[in-house]
Amino acid sequence: MEPVTSNDAPEMATRRGEKARALVVRAQALVEALVERIKPTLLWRIWERMLENEFMERSIALATKGFISLFPLLVIIASISPPRIREAMFRSLTHRFGIQGETLDLVKGAFLSTSKVWDATGLLGLILVLYFATSFTSTLHRMYLKAWRLPRAKGKGNNRQLRGLAWLAAVVVFGAVFGGLRGWMTGPVGTASFFAMSLVGSLLLWWATAWLMLGGRIRWRVLLAPSALTAMGAVTYTLCAPIWMPRVIAAHVEQFGFFGVSLALVTWFVGFAFIIVVTTCVGPVLAEDNGLLGRLTLGDVPSPLTNADDPDQVLPLGSAA
């Protein structure tokens, strides 16, 4: 093998550069070809709807408002409820958050000390908590509208607030009922039955949620599939929470002290909100599908809208808002 001379070095460097550029061009071509093949698929269209809906920002916004509003509101409602309902709500929440050990005792004290909770909250605190709770439902409302590319309904602001309050009431009842069921449905049969009932109850809750947040402008049948996905994701997430949440809480408490409990709960809320946002984006994509999934979603009508003849009610589903 002949040694490389100084005169040959620039030529060899040029050839190596050309080979590298050729590899980059080939890789780009392969990626572009792959993207072109994936674009028509359902998963790609869901991904595009997620990006359009700014799914990470909306998940964080929902999680933040859920933590600073829903959680304190449930604590206050539990503190003024009868002991049996209070215990059921406590059991439901702690199971969903996967709270155990010393943190469980701390949260239990917050739920069961009625006078202390009310004294610490006061009338002004209660008003602020209710305000933030309705702010959460407004954020949830905007997320559903954005996913379906719907404009805000004109002249229905008061109805929107009433729908938000109705949703909050449904969540409280849901937590109390299933917290009570959790207390006496034990053993393998009881656990399996509780899982099935939780799945059905969660489906009904999120099905009604989608209908309420969209103001009844999308047909019930069309909302069934994304609501079922939300329910399955929510139930699976809460069932898995006792596996990973104790480690998250312990790690945050070790690093940040008592404040770490709040950070761990925010982490839980972010994951739950992510499930809601992503599964909501699936609904309009299924409604727009030209294949079998679209026909199953829509049934025998051409539009998912309850009033497709009103031009002021909705923007075209095929165009971004």
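For the pair T306 and I218, the minimum side-chain heavy-atom distance is 4.5 Å or more. Taking 4.5 Å as the limit, every side-chain heavy atom of L199 sits out of range of all side-chain heavy atoms of L203. Between V277 and S59 the shortest side-chain heavy-atom distance falls below 4.5 Å. Side-chain contact between R295 and L292 is present, with at least one heavy-atom pair separated by less than 4.5 Å. Side-chain atoms of R152 and R142, non-hydrogen and from C-beta on, do get closer than 4.5 Å to each other. Side-chain contact between F269 and I60: absent, with no pair of heavy atoms (C-beta onward) separated by less than 4.5 Å. Using a 4.5 Å heavy-atom cutoff, the side chains of T280 and P226 are not in contact. In this structure, the side chains of M56 and M50 stay at 4.5 Å or more apart for every pair of heavy atoms.
In the hydrophobic cluster analysis, where Ile, Leu, Val, Met, Phe, Trp and Tyr join through side-chain heavy atoms closer than 4.5 angstrom, M232 is grouped apart from L296. L224 is not connected to V301 by any chain of hydrophobic side-chain contacts under 4.5 Å among Ile, Leu, Val, Met, Phe, Trp and Tyr, and they are in different clusters.
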Check your understanding: When you look at T134 and T137, which way does the side chain to side chain contact (heavy atoms under 4.5 Å, CB included) test go after all the steps?
Key -> CA-CA 5 Å; T134 56; T137 59; 4.2 Å; yes
**Study point:** Steps toward side chain to side chain contact (heavy atoms under 4.5 Å, CB included) verdict (W148, R217)
**Key:** CA-CA 10 Å; W148 283 91; R217 297 153 75 183; over 6 Å; no
**Study point:** Worked verdict on L140 versus I276 for side chain to side chain contact (heavy atoms under 4.5 Å, CB included)
**Key:** CA-CA 9 Å; L140 190 64; I276 296 172; 4.2 Å; yes
Review point. How far apart are the C-alpha atoms of F272 and T238, what are their side-chain angles, what is the distance that settles it, and do they pass the side chain to side chain contact (heavy atoms under 4.5 Å, CB included) test?
Key: CA-CA 9 Å; F272 197 87; T238 54; 4.2 Å; yes
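The line from CZ of R219 to CG of L214 is 14.0 Å long, rounded to the nearest 0.5 Å. Atom SG of C281 and atom CD1 of I46 lie 9.0 Å apart (nearest 0.5 Å). If you take CG on L229 and CH2 on W206, they are separated by 13.0 Å, rounding to the nearest 0.5 Å. The CG atom of L293 lies 13.0 Å from the CD atom of E288; values are rounded to the nearest 0.5 Å. Note that OH of Y144 and CG of L150 are 13.0 Å apart. Values are rounded to the nearest 0.5 Å. Atoms CG and CZ, from L204 and F174 in turn, are 9.0 Å apart once rounded to the nearest 0.5 Å.
Contact record, A264 with V248: CB-CG1, 4.0 Å, taken as the closest heavy-atom pair. Of all the heavy atoms in T139 and A61, the pair that sits closest is CG2-CB, 4.4 Å. Heavy atoms only, all atoms of each residue included: A147 and R49 are closest at O-NH1, 2.7 Å. Taking every heavy atom of both residues into account, A63 and A273 meet most closely at N-CB, 4.0 Å.
Remark: R45 engages D289 in a salt bridge, criterion side-chain N to carboxylate O under 4.0 Å. Between E54 and K146, none of the side-chain N atoms (NZ, or NE/NH1/NH2) sits under 4.0 Å from a carboxylate O, so this pair counts as no salt bridge.
In this structure, F136 has its ring center closer than 6.0 angstrom to the ring center of W167. Y237 and W268 have their aromatic ring centers within a separation under 6.0 angstrom. The six-membered or imidazole ring of F55 lies near that of W47, with a centre-to-centre distance under 6.0 Å.
Between the side chain of R163 and the main chain of L212, a donor-acceptor pair closer than 3.5 Å is present.
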